[in-house]
Amino acid sequence: VVVVLVVPDLLKLLENGNDKIKENISVILWNLSIITENQRELISDRNNIVPILLQLLENGNKVKKENMFRSFWSLSATNIFPYLFKLLENENIKIKENVSGAFMNLTINTENKREIVTNHNIVPVLLQLLEN
């Protein structure tokens, strides 16, 4: 219930706050994403934080980027698969390592395993990563 109330305000601060505020919000979002009951609310259409996490990954400092990856790791929702696949195209090896970790966490769930193999054809992508 608390997430429903605070997430919209946190997202506004992420857009308009200074770097220290954004860094602190990234920690808050990570902490919220760890709690299973919060995950559905965080990725709902109303609060979809995935595009915001991606923006912080592109523009954030090291601490914000690490916190955003931790949030991705915690958010076990199939609607982030396309974003994660896009991140695998990034040249930064650390980003690829973290995305691989996110996929690892996501595939703990049997339904996610089926989704990622059947609808997103992850096997060739992973083989390509191993070759590189």
Side-chain angles (χ1 to χ4, degrees):
V1 175
V2 172
V3 173
V4 174
L5 300 174
V6 300
V7 170
D9 291 330
L10 292 173
L11 297 179
K12 286 178 192 167
L13 286 170
L14 269 178
E15 292 178 20
N16 304 315
N18 65 34
D19 281 344
K20 189 61 181 173
I21 288 172
K22 289 178 181 179
E23 194 171 298
N24 290 335
I25 302 270
S26 71
V27 173
I28 293 168
L29 288 173
W30 170 37
N31 287 334
L32 288 173
S33 71
I34 293 169
I35 302 166
T36 306
E37 293 79 27
N38 294 341
Q39 292 172 351
R40 184 165 282 130
E41 183 62 33
L42 287 169
I43 58 171
S44 69
D45 289 340
R46 178 176 54 253
N47 292 317
N48 189 2
I49 67 167
V50 174
I52 294 161
L53 295 178
L54 289 171
Q55 183 180 358
L56 286 175
L57 283 172
E58 291 175 12
N59 305 318
N61 64 25
K62 183 180 181 210
V63 173
K64 285 187 275 191
K65 287 179 180 184
E66 288 174 359
N67 290 329
M68 292 305 96
F69 271 119
R70 289 177 181 128
S71 296
F72 268 134
W73 281 40
S74 300
L75 294 170
S76 56
T78 57
N79 71 341
I80 70 169
F81 290 154
Y83 299 107
L84 292 176
F85 277 104
K86 180 104 175 105
L87 286 171
L88 284 175
E89 298 169 6
N90 194 297
E91 295 298 317
N92 185 322
I93 191 68
K94 197 70 174 167
I95 289 177
K96 288 180 181 180
E97 288 173 0
N98 283 301
V99 170
S100 298
F103 276 122
M104 179 184 69
N105 282 357
L106 289 164
T107 56
I108 291 170
N109 175 301
T110 304
E111 192 60 39
N112 284 350
K113 283 181 201 171
R114 194 172 298 118
E115 171 77 17
I116 202 167
V117 171
T118 307
N119 296 333
H120 297 283
N121 201 18
I122 193 171
V123 175
V125 175
L126 294 177
L127 290 173
Q128 182 68 37
L129 279 175
L130 287 172
E131 289 176 6
N132 295 333

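By convention here, the first residue in the shown sequence is residue 1.
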>> Quick check: closest heavy atoms across I21 and N18, and the distance to 0.1 Å?
In response: N-OD1, 2.8 Å
>> If the condition is side chain to side chain contact (heavy atoms under 4.5 Å, CB included), which residues does N24 pass it with, not counting sequence neighbours?
In response: K20
> Excluding sequence neighbours, so at least two apart, what forms side-chain hydrogen bond (donor to acceptor under 3.5 Å, both in side chains) with D19?
Replying inline: K64
> V27: what forms a side chain to side chain contact (heavy atoms under 4.5 Å, CB included) with it, not counting sequence neighbours?
Replying inline: N31, N67
> Between CG of L13 and CD1 of I28, what distance do you get to the nearest 0.5 Å?
Replying inline: 8.5 Å
> How many angstroms lie between CD in E89 and NZ in K96, if you round to the nearest 0.5 Å?
Replying inline: 9.0 Å
> Taking only residues two or more places apart in sequence, or in another chain, which ones meet K113 in a salt bridge (Lys or Arg N to Asp or Glu O under 4.0 Å)?
Replying inline: none
>> So, using salt bridge (Lys or Arg N to Asp or Glu O under 4.0 Å) as the criterion, who are the partners of E91 when residues are at least two apart?
In response: none
> Going from CG on N16 to NZ on K22, what distance comes out if it is rounded to the nearest 0.5 angstrom?
Replying inline: 8.0 Å
>> Going by the rule side-chain hydrogen bond (donor to acceptor under 3.5 Å, both in side chains), which residues pair with D9 if we only count those two or more places apart in sequence or in a different chain?
In response: none
